[in-house]
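Here the structure comes first, spelled out in structure tokens, and everything after it is commentary.
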Number of protein chains: 2
Amino acid sequence: MGIIRKTPSIEVLLTEFTRNGTAISAIELVKRLDGKLNKTTVYRVLDKLEDDGILHSFLDKKGIKWYAKCNSCTHDKHFDSHPHFQCLNCGKVDCVTVDVSIPKIPNREIVISQILIQGTCENCIN
Amino acid sequence: MGIIRKTPSIEVLLTEFTRNGTAISAIELVKRLDGKLNKTTVYRVLDKLEDDGILHSFLDKKGIKWYAKCNSCTHDKHFDSHPHFQCLNCGKVDCVTVDVSIPKIPNREIVISQILIQGTCENCIN
DNA sequence: AAATTTATTGCAATTAAGTTGCATTAACAA
DNA sequence: TTGTTAATGCAACTTAATTGCAATAAATTT
């Protein structure tokens with residue numbers, strides 16, 4: 001893959017992710033960029049950025065799709081197996097930089113694993 | 001909560017889960033019981049059975065809702081933090097009885113964690 | 001056993017995240 | 001500057017899941 005054309009849409013979306021380090025849900029981006037970018041475009045650009053290894057995606061407990069900036073992903077391989085933490089109070093989601101080792105399971109081959117942690121974030125804990 | 005009335009719907013749905021030990025998706029149950037039970041009823045009974053601590057639910061990577069029989073859940077507390085394994089080949093999903101310890105995260109309180117593992121199951125590995 | 005209460009069910013309509021088809025626009029290479 | 005084709009916008013669609021409401025039927029009361 002690789003980004004083929006540098007368009008305003010791609011820049012606009014990337015800016016949203018560089019603004020702060022947290023994950024952003026697809027619908028949130030659609031709402032946030034309403035009037036600026038079309039819903040379809042948002043979904044398609046996000047998809048492409050994920051293909052390119054720039055963003056990675058995951059679903060929260062409600063099945064809502066979230067995206068976050070990748071650290072060491074390539075378009076070949078996504079290292080998105082770190083846990084994602086969702087605050088039950090403020091809704092914020094971010095990537096947690098701890099290693100969780102998934103134990104081997106007899107007779108099964110593990111391809112991907114996804115860990116979603118929900119609780120209270122550092123801002124809401126007090 | 002607790003089941004208030006013992007209706008055929010509840011029995012029909014529970015039978016599906018006792019038939020074999022794997023998890024079943026909500027839509028799969030809706031399809032499987034088409035003509036026998038209404039879609040709305042399926043969703044509502046599943047919801048109630050989860051409330052009662054008889055089933056627990058989780059979402060797969062596509063955002064589809066799955067249910068599985070609980071082992072030691074009560075209507076107060078769901079011990080659903082064991083991983084769920086979904087076969088990328090046959091689609092089967094089941095509960096994995098291994099303990100995955102989620103490390104404590106500084107300044108955050110963990111309430112629930114959900115682990116979804118995808119790969120090849122014991123039937124499809126050969 | 002009949003009447004009463006109200007949880008449960010079925011049906012149709014709705015919701016909402018995400019997708020698709022297609023005509024139009026605009027990167028960017030030649 | 002022209003031609004190619006990726007990217008975009010719009011409208012319509014898809015699909016899992018939910019909601020409102022009237023009808024039905026457990027289970028309790030009389």
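Letters A, B, ... mirror the listed sequences (proteins, then strands); counts begin at 1.
- When the C1' atom of C:dA26 is taken as reference, atom CD1 of A:I10 falls 13 Å away, rounded to whole Å.
- Mapped onto DNA chain D by nearest heavy atom, B:Y43 and B:P8 fall at different nucleotides, with B:Y43 at the one closer to the 5' end.
- Checking D:dC10, D:dA16, C:dG18 against the side-chain heavy atoms of A:N38 singles out D:dC10 as nearest.
- Across all strands, A:V30 comes closer than 4.0 Å to no nucleic acid atom at all (heavy-atom distances).
- Summarising the geometry, the separation between CG on B:D34 and P on C:dC11 is reported as 10 Å, rounded to the nearest angstrom.
- If you check C:dC22, C:dA7, D:dT4 against the side chain of B:R5, the one that comes closest is C:dA7.
- Atom NZ of A:K62 is separated from atom P of C:dT15 by 18 Å (rounded to the nearest Å).
- Computed from coordinates, the B:D47 CG to C:dT8 P distance equals 12 Å when rounded to whole Å.
- Using a 4.5 Å cut-off between side-chain heavy atoms of Ile, Leu, Val, Met, Phe, Trp and Tyr, with links allowed through other members, B:L59 and A:I112 fall into different hydrophobic clusters.
- We find that NZ of B:K6 is positioned 14 Å from C1' of D:dA27, with the value rounded to whole Å.
- For B:I64, the listed nucleotide lying nearest its side chain is D:dA16; candidates were D:dC10, D:dA16, D:dT8.
- Atom pair B:L29:CG and D:dA17:P shows a separation of 11 Å (rounding to whole Å applied).
- With hydrogens and angles left out, the side chain of A:T7 and the base of D:dT8 share no donor-acceptor pair within 3.5 Å.
- Here A:R44 does not pair with A:D51 in a salt bridge; the nearest charged N to carboxylate O distance is not below 4.0 Å.
- Remark: side-chain polar atoms of A:N38 are paired, donor with acceptor, to backbone N or O of A:T40 under 3.5 angstrom.
- Atom-to-atom, CD1 of A:I27 to P of C:dT19 comes out at 12 Å; the value is rounded to the nearest Å.
- A:K36 and A:D34 are not joined by a salt bridge, as no carboxylate oxygen comes within less than 4.0 angstrom of a charged side-chain nitrogen.
- One cannot find a donor-acceptor pair under 3.5 Å joining the base of C:dG18 and the side-chain atoms of A:R44.
- Separating the CG atom of A:L37 from the C1' atom of C:dG18 is a distance of 17 Å, rounded to the nearest angstrom.
- Put simply, the side chain of A:T15 gets close to the backbone of A:E11: a donor and an acceptor are under 3.5 Å apart.
- Side-chain atoms of B:K48 lie closest to C:dT8 of the nucleotides C:dT8, C:dA17, C:dT20.
- Put simply, the side chain of B:S9 and the base of C:dT8 share no donor and acceptor less than 3.5 Å apart.
- Of all nucleotides listed (D:dA26, C:dG18, D:dA27), C:dG18 comes nearest to the side chain of A:K39.
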